[in-house]
Structures are given as structure tokens and as C-alpha cells.
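Step one of this worksheet: look at the structure below.
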Amino acid sequence: QVQLVESGGGLVQAGGSLRLSCAASGRTFTVYAMGWFRQAPGKEREFVVAINWSSSTTYYAGSVKGRFTISRDNAKNTVYLQMNSLKSEDTAVYYCAASSRPSSRTAAWAYDYWGQGTQVTVSS
């Protein structure tokens, strides 16, 4: 079936940047939205950013707005998350997710497919 594979995580110092990639493979599916969630140790998975596939409308969590940017490359079937001005509180496992039908764009339960996650660690 559908597979989402994240890459690009790593260890950076506060103020640094990383670009995460999420490549979709497997059977074709209708995309309503794709987004990124993150989960820090001991915390619930939280919404980071999402993009509506048809309208390109983006939705950002207040904590990352102005620092993170979501983008996509349809030819490569890939979505990206550019993360700038990273803070220690951004440390988490970042998950790419895709939704196949109209629903909430910020709730994890609304997404059908998930990547395995990629670790982002920001040192201070």
C-alpha cells in the first residue's frame, strides 16, 4: 500500500536549519492534505503544519509560524519541511502524514497514512 518515508532529520544547534523530506511510494491515492506532526518524549503527537493539496492553502501551528515552511514537489511525489531558527523545544520525532479525504487538517486522527518518523534534535 502507501508508504511515506521521511528523511533529513539530525542534530543541529539552536538557530540552525534542517530540511525534512517525505517521499510517497506505493499505490496511488487521492490526496486531500499532507502535513507534518511531531512528538517529543513524554508528550502527545502535535500538529506542526499541513498543506491542502488542491488549493495549496497552508496551516501552521503558532509555535512554528514564521520559522517553518512546507512545500511540495509533485513530480517527485515529495513534500518538504524547511525548518529555520530551530529551538530546543523543536526537538522531537517528526512524522509525515497524508489524508485521503476532507477532514480536519490539524488532528492526527484525520490522517490515513504515516511515515516512520525522523528524529530532529536541537541542542542549546
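Numbering of residues begins at 1 and proceeds along the displayed sequence.
Contact annotation: the side chain of T69 never approaches that of L81 to less than 4.5 Å [non-hydrogen atoms, C-beta and beyond]. Looking at L20 and V120, their side chains come closer than 4.5 Å, going by heavy atoms from C-beta outward. Contact annotation: the side chain of V12 never approaches that of T121 to less than 4.5 Å [non-hydrogen atoms, C-beta and beyond]. Taking 4.5 Å as the limit, some side-chain heavy atom of R72 sits within range of a side-chain heavy atom of S56.
Atom CD of Q13 and atom OG of S124 lie 10.0 Å apart (nearest 0.5 Å). The distance from the OG atom of S100 to the CH2 atom of W53 is 13.5 Å, given to the nearest 0.5 Å. Distance check: F47 CZ to W36 CH2 gives 13.0 Å after rounding to the nearest 0.5 Å. With values rounded to the nearest 0.5 angstrom, I70 atom CD1 is found 12.0 Å from M83 atom CE. In this structure, CG on L86 lies 6.0 Å from OG on S17, to the nearest 0.5 angstrom. If you take OG1 on T106 and OH on Y59, they are separated by 10.0 Å, rounding to the nearest 0.5 Å.
The shortest non-hydrogen separation linking A33 to R105 is CB-CG, 4.2 Å. In plain terms, the two heavy atoms of A110 and S103 that are nearest each other are CB-OG, 3.4 Å. Across all their heavy atoms, Y111 and A50 have their closest contact at OH-CB, 3.4 Å. Taking every heavy atom of both residues into account, A24 and L4 meet most closely at CB-CD2, 3.6 Å.
Looking at E6, its side chain does come within 3.5 Å of a backbone N or O of G117 through a donor-acceptor pair. At distances below 3.5 Å, at least one donor-acceptor pair connects side-chain atoms of T118 with backbone N or O atoms of G9.
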Next item on the list: Evaluate the side-chain contact (heavy atoms from CB on, under 4.5 Å) criterion for residues C96 and M34: first the C-alpha distance (whole Å), next the side-chain angles of each, then the deciding distance (0.1 Å), finally the verdict.
Entry: CA-CA 7 Å; C96 176; M34 290 192 70; 3.7 Å; yes

Margin query: F68 vs V49, test: side-chain contact (heavy atoms from CB on, under 4.5 Å). Steps then yes/no.
Written below: CA-CA 8 Å; F68 291 10; V49 62; 5.7 Å; no

Margin query: If you apply the rule side-chain contact (heavy atoms from CB on, under 4.5 Å), what do you find for D73 with Y80, and how did you get there?
Written below: CA-CA 8 Å; D73 186 331; Y80 305 94; 3.8 Å; yes

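V48 and V93 fall into different hydrophobic clusters, where Ile, Leu, Val, Met, Phe, Trp and Tyr side chains are chained together by heavy-atom contacts under 4.5 Å. No continuous path of ILVMFWY side-chain contacts below 4.5 Å connects Y32 to Y113, so the two sit in separate hydrophobic clusters. A continuous path of Ile, Leu, Val, Met, Phe, Trp and Tyr side chains, each step under 4.5 Å between heavy atoms, connects V64 with V79, placing both in one hydrophobic cluster.
Residue pairs that meet the side chain to side chain donor-acceptor pair (under 3.5 Å) test with at least one member in residues 89-98, sequence neighbours left out, are R38-D90, R38-Y94, R67-D90.
For D112, the salt bridge (Lys or Arg N to Asp or Glu O under 4.0 Å) partners are R101, not counting sequence neighbours.
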